Amino acid sequence: QQLGQTEARVGPHAAQGARLETRAAHDEQRAPAMRHMHGIALSLLVVAGAHGRAQRRGTFRRHSDAAADLLAENFIVVSPQCPPGEVWDSDTLLALIDAVSADQRVDPRRIYLTGLSMGGFGSWALAARNPELFAAVVPVCGGGLPLGIVSLNPKKKAALRRLPFWAFHGAKDRIVPLAASEGMVGALKEAGAKRVKFTVYPEAGHDSWTQAYNDPALFDWMLKHSR
């Protein structure tokens, strides 16, 4: 089976292109969708008009063989690109989910959200805004506004309590301090969330995503959860 790739642009911000990766197996059954939001460094590489080798070879190939195989066999991966100088736009991302779900055989009970660096911030924000949409959320070296979680309305907070989270961060991160993830994880627990995992890599700097995304246990964990 061959990996297929398309470029899609959705919503009012046309520069937020999305790489969509599917396998032929998905034509026969509904597959989970994993939204992967890139951080600033990788986004800049794409927006500069020079797709790097990793980007041309596809998201699956940037992982260890075991993780790549697990991703390729079980997920439709959608990788929106945020232009330089802008931040993640939740309405555009939600429109992208709707568009991909309408075009692909996506199981609506198994939509997963992850992102690194700025994408980690976007993951926290979008999960807080629409907790009922996702089966699990994995923010990597991100952060956000803890008060925004604690002050959610009762309906949103109840949905957030049921949503599994697994956050990752490097203890030596000098770009996004570890405290950024610690604050969000603490806010989740203060809001009553029980399904929260938090992994800190003691020797990692800002790049905590390599270890996180190269571990097939992460994607196994995702697949254990559905809405």
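Being a predicted model, the structure only gives us computed values, none of them experimental.
When side chains are defined from C-beta on, F168 does not count as touching Y213, because their heavy atoms never get closer than 4.5 Å. Using a 4.5 Å cut-off on side-chain heavy atoms (C-beta onward), L113 and V138 make no contact. A 4.5 Å side-chain heavy-atom check between V176 and H206 finds at least one atom pair inside the cut-off. Using a 4.5 Å heavy-atom threshold, the side chains of M184 and P139 count as separate. Inter-residue side-chain proximity for L126 and V137 is flagged as unmet; no heavy-atom pair is nearer than 4.5 Å.
A salt bridge links E132 with K156: at least one charged nitrogen is closer than 4.0 Å to a carboxylate oxygen. Comment: D107 does not engage R227 in a salt bridge, judged by the lack of any side-chain N to carboxylate O separation of less than 4.0 angstrom.
T114 approaches M222 most closely through the heavy-atom pair CB-CE, 4.5 Å. Pairing each heavy atom of A127 with each of L163, the nearest pair is CB-CD2, 4.3 Å. Closest of all the heavy-atom pairs between P146 and G144 is CD-O, 3.2 Å. The heavy-atom pair separating A212 from L218 by the smallest distance is O-CD2, 3.5 Å. Minimum interatomic distance between G143 and W124 (heavy atoms only, all atoms of both residues): O-CD1, 3.3 Å. Nearest approach of C141 to L116, heavy atoms of both residues: SG-C, 4.2 Å.
Atom CD1 of I97 sits about 5.5 Å away from atom CD1 of I111, to the nearest 0.5 Å. To the nearest 0.5 Å, atoms CG (D98) and CG (L93) are separated by 11.0 Å. The CG atom of L94 sits 4.5 Å away from atom CG of N130, with the distance rounded to the nearest 0.5 Å. Considering CZ of R109 and OG of S226, their distance stands at 6.0 Å, rounded to 0.5 Å. Between atom CD1 of residue I149 and atom NZ of residue K189 there is a gap of 12.5 Å, rounded to the nearest 0.5 Å. Put simply, CZ on F121 and OG on S181 are 8.0 Å apart, with the number rounded to the nearest 0.5 Å.
Aromatic rings from Y112 and W166 are positioned such that their centres are separated by 6.0 Å or more.
Qualifying salt bridge (charged side-chain N to carboxylate O under 4.0 Å, His left out) partners for K197, counting only residues two or more places apart in sequence or in other chains: none. For D207, the side chain to side chain donor-acceptor pair (under 3.5 Å) test picks out W209, T210, with sequence neighbours left out. With sequence neighbours left out, E182 forms a salt bridge (charged side-chain N to carboxylate O under 4.0 Å, His left out) with no residue at all.
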**Asked** Passes side chain to side chain donor-acceptor pair (under 3.5 Å), H225 versus R110? Steps please.
**Response** CA-CA 7 Å; H225 299 291; R110 294 189 293 151; over 6 Å; no
**Request:** Report the C-alpha distance between Y201 and L178 in whole Å, list the side-chain angles of each, state the deciding distance to 0.1 Å, and finish with yes or no for side chain to side chain contact (heavy atoms under 4.5 Å, CB included).
**Result:** CA-CA 10 Å; Y201 297 117; L178 173 60; over 6 Å; no
**Prompt:** What's the verdict on side chain to side chain contact (heavy atoms under 4.5 Å, CB included) for L188 and K194, showing C-alpha distance, side-chain angles and the deciding distance?
**Reply:** CA-CA 8 Å; L188 281 177; K194 304 294 185 183; over 6 Å; no
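Ring geometry for F75 versus F219: interplanar angle over 60°, hence perpendicular rather than tilted (30 to 60°).
In this structure, the side chain of R161 engages the main chain of A191 through a donor-acceptor pair within 3.5 Å. Between the side chain of S123 and the backbone N or O of G119 there is at least one donor-acceptor pair closer than 3.5 Å.
Within 6.0 Å of atom CG in L145, 12 or fewer heavy atoms from other residues, nucleotides or ligands are found, so the atom counts as exposed in its surroundings.
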